[in-house]
Amino acid sequence: MAKITASVFTSHVPAIGAAMDLGKTQEDYWKPLFAGYEFSKQWMKDNKPDVIILVFNDHATAFSLDMIPTFAIGTAAQYLPADEGWGPRPVPVVKGHPELASHIAHSVIQQDFDLTIVNKMDVDHGLTVPLSLMCGEQDPVKGVWPCPVIPFAVNVVQYPLPSGQRCFNLGQAIRKAVESYDEDINVHIWGTGGMSHQLQGARAGLINREWDNAWLDQLINDPVAAAATPHIDYVREAGSEGIELVMWLIARGAMSDIEGGQATGPAPQLRHRFYHVPASNTAVGHVILENV
Ligand code: DHB
Ligand code: FE
């Protein structure tokens, strides 16, 4: 049986990828940010998964207003780093896991979550920046990411968006799917994007440390309450792009303490928590949880 053993949560700012790609990680501006991921890179080596389910959002890169899937699972054998206007990031191709991805699609759709199935997709900073942060710099040609990745894209760009509650419930369905996969593999699920940021309009640059940290407390210790956070609270308190945080609830809902929408089992162990401002226009949050 496959098992989800851990969840990882992290922001995905494109400038973080650029700082890594351009060798700027030790500059004064970036140093404290990357210091927060030193533990995580070692933890990834010590707890190497067989597969990562990486919940992220596409930023009008693979999708556009032509086509807006609410939830989309990547079932391809590989995904190329996308060109977001400056050429593709110099990072390795992302290998997929078509067998497990197809199994999850089958199981989750039968649990009444209607996923879009994606057989071809380039992946933007939403996916590659979390991988870079957790796995460190990789040679784009000779390097390989530590394991296959199943991209799981969520629409948090074009309204209407899924609610946090829907995302949390979907996480439980994904765990059931993984646990019915007939191979003894170790799976991590990552929730990415967030935390507070607003990239446009009169409130551009908004950061709300207090709200972010209270939400992190809930994500860790009272996930049912975090899942109940209404949409408008994210937008008011964490800015228009703060809504990316609903993706973290998919990963949190997939942890083993959650059953039937409640936190009934033993709470996961908090292995790491980090919060830093600034990173471009974004507050960066990062948490690692392990199932006990
Ligand atoms: C920034 C943050 C994002 O989440 C994003 O998708 C693009 C840019 C930023 O802070 O610059
Ligand atoms: Fe984003």
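In each ligand, atom 1 is the first atom listed, and ligand 1 is the first ligand listed.
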Worksheet entry | Proximity flag A15 to ligand 1, non-hydrogen atoms under 4.0 Å | no
Practice prompt. Check whether any N, O or S atom of H197 sits under 2.8 Å from the Fe ion (ligand 2).
Written response: no
Worksheet item: Cut-off 3.5 Å, side chains only: do S132 and R89 have a donor facing an acceptor?
Response: yes
Worksheet, complete the sentence: For N281, the ligand 1 atoms with a heavy-atom partner under 4.0 Å come out as 9 (C), 10 (O), 11 (O)
Discussion item. Testing the 3.5 Å rule here: is there a donor-acceptor pair between the side chains of E84 and H125?
Written reply: yes
Fill in: Atom indices of ligand 1 within 4.0 angstrom of V13 heavy atoms, with elements
9 (C), 10 (O)
Worksheet item: Which residue supplies the protein heavy atom nearest to atom 5 (C) of ligand 1, what is that atom called, and how far is it?
Response: H125 NE2, 3.5 Å
Discussion item. If the cut-off is 4.0 Å to any non-hydrogen atom of T282, which atoms of ligand 1 fall inside it?
Written reply: 1 (C), 2 (C), 9 (C), 10 (O)
Practice prompt. Could you verify whether a donor N or O on one side chain and an acceptor N or O on the other, from S180 and H103, lie under 3.5 Å apart?
Written response: yes
Fill in: ligand 1 atoms in contact with E244 (distance to a heavy atom under 4.0 Å)
4 (O), 6 (O)
Donor-acceptor contacts, no H, no angles, side chain residues 228-238, under 3.5 Å, sequence neighbours left out:
unit_1 : atom_1 : unit_2 : atom_2 : d
T229   : OG1    : A226   : O      : 2.7
Y234   : OH     : W215   : NE1    : 3.4
E237   : OE1    : N208   : ND2    : 3.2

Response to the item:
The protein heavy atom nearest to atom 3 (C) of ligand 1 is H197 NE2, 3.4 Å
Worksheet entry | Ligand-side contact atoms (ligand 1) for residue partner S280, heavy atom cut-off under 4.0 Å | 9 (C), 10 (O), 11 (O)
Practice prompt. Give a yes or no on this: more than 12 heavy atoms of other residues, nucleotides or ligands lie within 6.0 Å of atom CD of Q200.
Written response: yes
Worksheet item: Have H59 and D124 got a donor and an acceptor in their side chains that come within less than 3.5 Å?
Response: yes
Worksheet item: Which value, rounded to 10°, describes the NE2(H12)-the Fe ion (ligand 2)-OE2(E244) angle?
Response: 100°
Discussion item. Looking at R273 and D217, is any side-chain nitrogen of the basic one under 4.0 Å from a carboxylate oxygen of the acidic one?
Written reply: yes
